[in-house]
Amino acid sequence: AGNKSIVVSGTSKSTMKVSGRVHVDAWGFDHDENINEIAANDNDESNRLGFRRLRFGVKGKIKDNMIYKIEMELAGGNDSEFRDAFLGWTDLPYLGEVLLGNQKRPYGLDHLNSSRYNVFIERPFVIEAFNEDARRLGLQSYGVSDNQAWNWRYGVFNGRNVQDEGNYVGDHLQLEFAGRLANTIWYDQTSGGRGYAHWAISGTHSDVSTNQSRDADGNEDDGALAESRFRTRPEGRTAGTRWLDTGRIDGLDYYNILGLETVVNLGALQFVGEYQSNWGERNGFEDVHLHGAYGYVSYFLTGEHIPWDRESGTLGRVKPFENFWLVDTAGGGRSAGWGAWQIAARLSYADFSDEDVTGGEAESLTLGLNWHWNTNARMQFNYITGNIENRTDLVGQGDYDIYGARFMVDF
Amino acid sequence: AGNKSIVVSGTSKSTMKVSGRVHVDAWGFDHDENINEIAANDNDESNRLGFRRLRFGVKGKIKDNMIYKIEMELAGGNDSEFRDAFLGWTDLPYLGEVLLGNQKRPYGLDHLNSSRYNVFIERPFVIEAFNEDARRLGLQSYGVSDNQAWNWRYGVFNGRNVQDEGNYVGDHLQLEFAGRLANTIWYDQTSGGRGYAHWAISGTHSDVSTNQSRDADGNEDDGALAESRFRTRPEGRTAGTRWLDTGRIDGLDYYNILGLETVVNLGALQFVGEYQSNWGERNGFEDVHLHGAYGYVSYFLTGEHIPWDRESGTLGRVKPFENFWLVDTAGGGRSAGWGAWQIAARLSYADFSDEDVTGGEAESLTLGLNWHWNTNARMQFNYITGNIENRTDLVGQGDYDIYGARFMVDF
Amino acid sequence: AGNKSIVVSGTSKSTMKVSGRVHVDAWGFDHDENINEIAANDNDESNRLGFRRLRFGVKGKIKDNMIYKIEMELAGGNDSEFRDAFLGWTDLPYLGEVLLGNQKRPYGLDHLNSSRYNVFIERPFVIEAFNEDARRLGLQSYGVSDNQAWNWRYGVFNGRNVQDEGNYVGDHLQLEFAGRLANTIWYDQTSGGRGYAHWAISGTHSDVSTNQSRDADGNEDDGALAESRFRTRPEGRTAGTRWLDTGRIDGLDYYNILGLETVVNLGALQFVGEYQSNWGERNGFEDVHLHGAYGYVSYFLTGEHIPWDRESGTLGRVKPFENFWLVDTAGGGRSAGWGAWQIAARLSYADFSDEDVTGGEAESLTLGLNWHWNTNARMQFNYITGNIENRTDLVGQGDYDIYGARFMVDF
């Protein structure tokens with residue numbers, strides 16, 4: 001039987017790798033009355049149990065120098081979506097690797113890091129708000145210098161998130177040009193990469209429709225509603241309502257985002273910081289300036305380090321010195337390993353209120369504990385305390401505390 | 001080409017097995033006018049052709065002692081859902097295997113049996129009603145004694161079916177504790193398991209919200225509608241409407257289910273019976289008692305037997321003595337095998353009407369014929385005759401006949 | 001690690017092949033005011049960027065002589081659907097291969113051709129209109145003569161497209177009998193199939209419900225709305241609205257379709273033509289006759305040919321003499337290949353207006369350029385110019401131009 005049950009790809013010209021991930025979350029919320037006004041349906045934000053990610057996908061190579069990937073997200077139940085979905089070419093002169101399809105836009109480190117490797121359960125305000133759901137339909141080139149010191153990616157994207165629709169329909173194409181240039185300025189080869197430093201600059205010039213609403217028949221005038229909204233949750237997984245939300249910004253014609261980021265890693269200790277600034281040019285309204293930043297420090301109590309991927313300028317997969325396991329041995333004894341333990345603290349702020357735009361101003365402190373069971377599984381705990389103000393004209397400052405836990409494997 | 005097209009899992013630390021099933025059904029209905037009142041939209045129940053299950057999933061091991069599984073159900077077309085979706089640990093001291101995620105609740109044999117192996121096309125009233133769709137988000141431990149005589153599973157679950165939503169949102173967590181203890185009291189090793197006897201006790205203590213309705217804005221008061229409803233179809237696949245349905249039971253605070261089950265297998269002959277009783281404690285209303293049971297006998301005309309899985313206390317995969325096949329041979333002759341033939345009869349009743357609750361009282365007889373083509377494929381025919389009364393205050397007794405056929409493979 | 005990460009199928013009795021495709025499209029529209037009246041929501045048809053197909057599926061064999069397939073279409077985002085979904089038997093006497101489940105209805109060459117191999121981006125009017133979305137739930141036999149000169153397929157189908165619903169519900173089963181008999185009258189073995197000629201006859205006798213509408217409660221009277229509608233897009237991918245659409249034809253009781261097709265291939269040059277005629281028998285209304293045809297010529301500038309699959313009577317996979325690639329070699333030089341280049345022109349017409357039915361009369365010319373990068377990837381460009389008249393009583397003739405591009409891989 002053995003050999004016959006081996007799974008093969010559809011044609012002999014293609015290879016295939018099947019991968020996926022399971023992320024199970026629990027969230028609890030404790031907040032002021034003032035937060036009610038901006039949270040789910042004017043009610044307390046309710047506790048939450050369930051799947052954050054249930055992903056499954058295939059990728060591979062096609063002769064001679066092409067690649068493909070399809071990745072599904074099933075955590076929404078009926079609302080299945082796709083994630084990475086592209087075809088591409090590798091080893092092109094000047095362009096390196098070029099991908100066409102749904103892929104991450106290149107602004108900012110934290111969204112380019114995989115959710116499998118990120119230090120905190122959810123991403124910071126500014127990262128999620130300026131690059132909501134990260135992936136867009138686009139054509140992007142990926143390159144790296146021969147000595148791996150420099151890497152870059154740049155491309156043109158459609159501004160709409162089509163992961164749930166599959167297509168963008170509209171005469172205003174809402175195109176943006178975006179790129180990121182990254183430099184690993186220090187990488188300690190002798191320790192196997194336990195020491196490194198990185199910086200990068202990234203950003204976008206994004207042209208958006210000014211079409212704010214649907215007509216009386218429920219149709220969009222030119223089929224394309226303005227992608228001029230920045231919004232995010234409080235760094236924890238709330239229901240549909242985003243606590244920070246500019247709404248569609250009246251008259252926004254285009255916006256420019258500039259991002260700066262740095263990472264310094266010294267063995268078990270890591271420092272990371274990012275700042276992003278967003279200038280919006282408006283027709284018939286005052287221009288607006290939105291911005292935000294975060295910084296975090298993380299430390300392995302058990303001495304491991306977070307590897308660095310010099311080809312993409314992103315965090316790599318942690319390898320515990322000892323896996324977590326606990327089994328009764330055949331001989332009657334017990335054998336155990338305790339995994340890797342990591343602590344972390346993050347400060348984050350966002351200022352999305354300017355002129356008539358009241359997206360909100362927020363500050364947040366997150367304390368994190370990560371228990372890495374093995375290279376493919378870990379448990380995360382986050383305690384978040386923060387406050388929001390200037391979210392609307394009506395609501396004053398609101399404080400909140402959030403408790404989160406995640407169990408995750410990838411395969 | 002050959003070797004390069006072999007499919008591999010996403011990381012070298014994980015294994016992967018890909019499996020699925022295709023179930024194609026046809027159903028016809030013939031019933032009294034009285035049944036109209038409780039059936040689909042006050043109309044005759046319409047005939048039905050289509051997919052009952054279109055499943056596809058991956059599962060595997062992660063070093064050192066973890067497992068994962070994701071399983072999709074595509075038979076709903078646009079309404080895709082997940083089924084098993086979990087991560088877990090194996091070989092833990094005291095706890096054995098522990099799974100976290102969406103998995104079957106452990107009350108009653110018939111829902112723990114795979115739909116690939118069950119003797120009848122659809123499950124009995126009481127099994128479906130008290131454990132609707134079986135799977136819930138939970139944390140469950142699975143164990144078996146060294147001699148395989150005893151096996152058990154117990155855990156804590158959230159009461160809501162999230163297969164279509166992915167998450168539970170609500171401050172009342174509607175938690176339940178459920179478990180099953182099973183004993184294979186006789187297993188005839190010498191015949192390779194053609195003779196065995198099993199009994200088990202199972203049940204739950206389930207805490208439910210009393211929130212019956214949404215507020216004027218369409219919101220649930222605490223984000224969690226009461227999971228206090230028991231309902232099911234007439235052991236055949238009707239459209240959305242369940243013919244038996246208590247609705248959300250007013251004031252239900254918690255309920256306790258006790259289930260008793262037994263299996264006796266003598267070669268080609270099998271006897272199975274289950275009884276489940278459900279006591280509901282209510283605030284401001286009289287407590288209610290709902291219950292149901294079924295018993296069946298099945299027999300292989302061709303002499304095979306239904307194997308027993310002593311690790312899980314559930315039915316196993318039937319292996320026909322001779323596969324069904326019918327091919328013209330190269331030499332001009334014809335070669336054929338006729339598969340395995342099995343007949344079965346099931347009696348089932350449910351009493352879901354008590355006090356002010358009028359879920360209905362039903363009796364049903366099902367006659368079944370299963371034609372097993374090979375270990376992975378079979379055809380099933382069911383004729384069902386039954387009646388329902390006390391379904392509402394208004395409708396008297398209604399009789400019905402149902403005809404069903406299923407074609408199925410799994411891989 | 002290597003060996004352990006090999007993916008295997010769920011049981012040792014089944015084999016598995018995993019395949020899929022990614023099609024990324026861009027469409028632009030330029031048309032008369034008159035077309036507005038029949039296009040999307042009385043507006044200009046908007047430009048379109050996105051996924052046309054994101055498919056992923058598994059198929060394999062089950063011992064001794066069964067097969068299975070499940071294929072998903074993810075290009076709709078939330079609106080996932082299935083495509084091929086069946087179980088079947090091979091090598092049966094008289095019947096050959098028999099499949100039960102969702103599969104293509106056998107009328108007309110162009111829909112039987114895979115979208116991976118078709119010469120133009122979208123299919124002709126008559127093919128799409130008479131066989132909308134092609135696949136139906138049915139039981140179909142597939143056969144081929146020993147010398148491969150003749151092949152045939154015929155079966156019984158339910159008329160409704162259930163790819164998004166999973167099931168058909170209705171007392172009127174709307175069954176149809178359909179078949180296709182194909183003959184490869186010339187096949188030049190010595191050139192490896194660079195020369196061949198084919199003709200086929202196909203058609204259906206289709207019984208439809210006359211139920212035109214839902215009742216006041218939104219229910220269909222017998223659960224089955226009439227499958228008596230023929231509609232299609234302008235051979236380019238517009239939004240939901242079909243520019244040609246008969247609507248549900250009043251009183252249509254059954255319809256008969258007859259299709260004739262031929263292919264002549266001379267090396268790099270291919271001629272293809274199809275004609276289909278549809279006679280509708282109506283109760284209480286005049287019978288109607290709808291019809292359409294297309295013809296195309298295609299030519300490889302680089303000398304390749306389109307292979308012919310004699311077992312199914314459909315187009316095969318093109319194999320470029322030289323793949324497209326462009327890489328910097330280790331030695332500092334550049335190595336390149338330019339793929340295969342193919343041009344094509346198609347004329348198509350449809351007449352779906354007769355008696356009181358005003359589905360529209362359309363003519364269309366499509367010019368195509370296909371750049372085949374390798375056996376599994378290509379780029380397609382189409383320019384379409386056409387006009388529509390008699391679409392409703394109110395609108396005169398409308399002209400339009402459409403520009404389309406597709407990037408595609410399959411694996």
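Letters A, B, ... are given to chains in the order of the sequence lines, protein chains preceding strands, and every chain is numbered from 1.
Here the CZ-CD distance, from B/Phe157 to B/Glu227, works out to 15.0 Å after rounding to the nearest 0.5 Å. If you take CZ on B/Arg116 and OG on B/Ser19, they are separated by 7.0 Å, rounding to the nearest 0.5 Å. The CG atom of A/Asn102 sits 11.0 Å away from the CG atom of A/Leu99 when rounded to the nearest 0.5 Å. A distance of 5.5 Å separates CG in B/Asn158 from OH in B/Tyr168, rounded to the nearest 0.5 Å.
Take A/Trp308 and apply the ring-ring contact (aromatic ring centres under 6.0 Å, His included) test, not counting sequence neighbours, and it matches A/Tyr196, A/His198. Checked against side chain to side chain contact (heavy atoms under 4.5 Å, CB included), B/Tyr154 has the following partners two or more places apart in sequence or in another chain: B/Leu95, B/Ser141, B/Trp152, B/Phe177.
The aromatic ring centroids of A/Phe407 and A/His23 lie 6.0 Å or more from each other. A/His31 and A/Trp243 have their aromatic ring centers within a separation under 6.0 angstrom.
Proximity to chain B is absent for every atom of A/Asp25, based on heavy atoms less than 4.5 angstrom apart. Neither the backbone nor the side chain of A/Trp27 has a heavy atom closer than 4.5 Å to any heavy atom of chain B. Within the 4.5 angstrom heavy-atom criterion, atoms from both the backbone and the side chain of B/Leu92 approach chain A. Heavy-atom distances place no part of B/Phe411 under 4.5 Å from chain A, backbone and side chain included.
Here the options are B/Asn167, B/Leu173, B/Val169, B/Val162, the test is side chain to side chain contact (heavy atoms under 4.5 Å, CB included), and the partner is A/Leu49; only B/Leu173 passes. The residue from B/Arg21, B/Arg55, B/Arg317 that alone fulfils the salt bridge (charged side-chain N to carboxylate O under 4.0 Å, His left out) condition with B/Asp410 is B/Arg317.
Counting heavy-atom pairs under 4.5 Å between each of A/Phe324, A/Trp325, A/Phe29 and chain B puts A/Trp325 at the top. Comparing A/Leu74, A/Thr11, A/Thr15, A/Val24 by heavy-atom pairs within less than 4.5 Å of chain B, the highest count is held by A/Leu74. Between chain A and the options B/Gly101, B/Pro93, B/Gly166, B/Ser9, heavy-atom pairs under 4.5 Å are most frequent for B/Pro93.
The contact list for residues 57-66 of chain B toward chain A, using heavy atoms and a distance under 4.5 Å, reads B/Val58, B/Ile62, B/Lys63, B/Asp64, B/Asn65, B/Met66 by residue number. Within residues 77-85 of chain B, the residues having any heavy atom less than 4.5 Å from a heavy atom of chain A are, in residue-number order, B/Asn78, B/Asp79, B/Ser80, B/Glu81, B/Phe82, B/Ala85.
The two residues B/Ala377 and B/Val409 have their closest heavy-atom pair at CB-CG1, 3.7 Å. Residue A/Glu128 comes nearest to A/Thr232 through the heavy atom pair CB-OG1, 3.1 Å, listed as atom of the first residue, atom of the second, then distance.
Using modelled atom types, one finds no donor on one side chain facing an acceptor on the other under 3.5 Å when comparing B/Thr90 with B/Glu97.
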